[in-house]
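Side chains are part of it too, since the values below use all heavy atoms of this structure and drop only hydrogens, waters and symmetry mates.
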Amino acid sequence: QVQLVESGGGSVRPGASLRLSCAASVHLNSMAWFRQSPGKEREGVAGHYYSGDSRYYADSVKGRFSISRDDAKHTVYLQMNSLLPEDTAMYYCAADFMSRWSSYPDTWDSAQTYEYWGQGTQVTVSS
């Protein structure tokens with residue numbers, strides 16, 4: 001049974017930073033962060049593929065967010081800096097065993113790429 005447990009959400013002011021963590025029960029090749037706010041579709045924020053330490057970001061977060069992984073702990077992190085009110089959302093960790101990297105650059109931000117999902121952690125950015 002694969003489990004993903006997120007932590008690190010909270011309420012902060014614009015310009016602040018937060019770090020989200022997602023601990024998996026096993027090693028998974030692809031791990032990513034998605035977010036969803038009320039009335040909007042779930043969107044991919046950042047993705048990471050273990051082989052090659054490949055990282056991918058949504059345009060809306062490039063330069064502000066950074067994804068990293070500690071594979072010894074089966075944990076992926078999302079460092080979020082310079083937070084904006086529009087970053088307010090429920091953030092979800094997603095992961096998959098995904099044995100081949102070849103399609104990942106084109107599919108990292110698709111929810112269908114991932115079989116396993118966490119319960120979500122709320123991030124609220126407000127003054």
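- Taking OH of Y91 as the start and OG1 of T121 as the end, the distance is 10.5 Å to the nearest 0.5 Å.
- Atom CD of E41 sits in a sparse spot, with 12 or fewer heavy atoms from other residues, nucleotides or ligands closer than 6.0 Å.
- In this structure, the side chains of V76 and L78 stay at 4.5 Å or more apart for every pair of heavy atoms.
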S17 and Q79: side chain to side chain contact (heavy atoms under 4.5 Å, CB included), yes or no, with the steps? CA-CA 7 Å; S17 298; Q79 178 67 42; 3.9 Å; yes

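- R42 forms no cation-pi arrangement with F34, by the criterion of a distance under 6.0 Å to the ring centre and an angle within 45° of the ring axis.
- For A32 against G47, the heavy-atom pair with the smallest separation is CB-CA, 3.8 Å.
- Environment of CD in Q119: sparse, with no more than 12 heavy atoms of neighbouring residues, nucleotides or ligands closer than 6.0 Å.
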Run the side chain to side chain contact (heavy atoms under 4.5 Å, CB included) check on T113 and W108 step by step: do they pass? CA-CA 7 Å; T113 297; W108 73 268; over 6 Å; no

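- Across every non-hydrogen atom of A58 and G44, the tightest pair is CB-O, 3.4 Å.
- Between atom NZ of residue K73 and atom OG of residue S21 there is a gap of 9.0 Å, rounded to the nearest 0.5 Å.
- Here Y49 and Y56 keep their ring centres 6.0 angstrom or further from each other.
- Looking only at side-chain heavy atoms (C-beta outward), Y77 and L20 stay at 4.5 Å or farther from each other.
- Using a cut-off of 4.0 Å between Lys/Arg side-chain N and Asp/Glu carboxylate O, R35 and D87 are scored as salt-bridged.
- A distance of 13.0 Å separates OG of S110 from CD of E43, quoted to the nearest 0.5 Å.
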After noting the C-alpha distance and the side-chain angles of F65 and N81, does the key distance pass the side chain to side chain contact (heavy atoms under 4.5 Å, CB included) rule? CA-CA 6 Å; F65 290 12; N81 299 326; 6.0 Å; no

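- Taking CE of M80 as the start and CZ of R19 as the end, the distance is 11.5 Å to the nearest 0.5 Å.
- A donor-acceptor distance shorter than 3.5 angstrom exists from the side chain of N29 to the backbone of M98, with no hydrogens or angles considered.
- In the hydrophobic clustering of this structure, V45 does not group with Y104; members are Ile, Leu, Val, Met, Phe, Trp, Tyr whose side-chain heavy atoms approach within less than 4.5 Å, directly or through other members.
- Taking the six-membered ring where the residue is Trp, W117 and Y92 present perpendicular rings, their angle passing 60° and hence far from 30°.
- V61 and L83 end up in the same hydrophobic cluster when Ile, Leu, Val, Met, Phe, Trp and Tyr side chains are linked at under 4.5 Å.
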Under the criterion salt bridge (charged side-chain N to carboxylate O under 4.0 Å, His left out), I'd like the reasoning laid out for R55 against D53: C-alpha separation, chi angles, the key distance, then a yes or no. CA-CA 6 Å; R55 311 180 191 203; D53 193 24; 2.9 Å; yes

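- In this structure, the side chains of D71 and Y50 come closer than 4.5 Å at one or more pairs of heavy atoms.
- Counting only heavy atoms from C-beta outward, the side chains of L18 and V12 approach each other to under 4.5 Å.
- For the residue pair D96/S30, the side-chain donor-acceptor check at 3.5 Å is not satisfied.
- Between Y116 and F97, the ring-plane angle classifies as perpendicular under the 30° and 60° cut-offs.
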Start with the C-alpha distance between C22 and M31, add both sets of side-chain angles, then the distance that settles side chain to side chain contact (heavy atoms under 4.5 Å, CB included), and finish with yes or no. CA-CA 9 Å; C22 171; M31 299 187 78; 4.2 Å; yes

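- Two residues are said to be in side-chain contact when any heavy atoms from C-beta on lie closer than 4.5 Å; T88 and Q122 meet this criterion.
- For the pair S126 and P85, the minimum side-chain heavy-atom distance is 4.5 Å or more.
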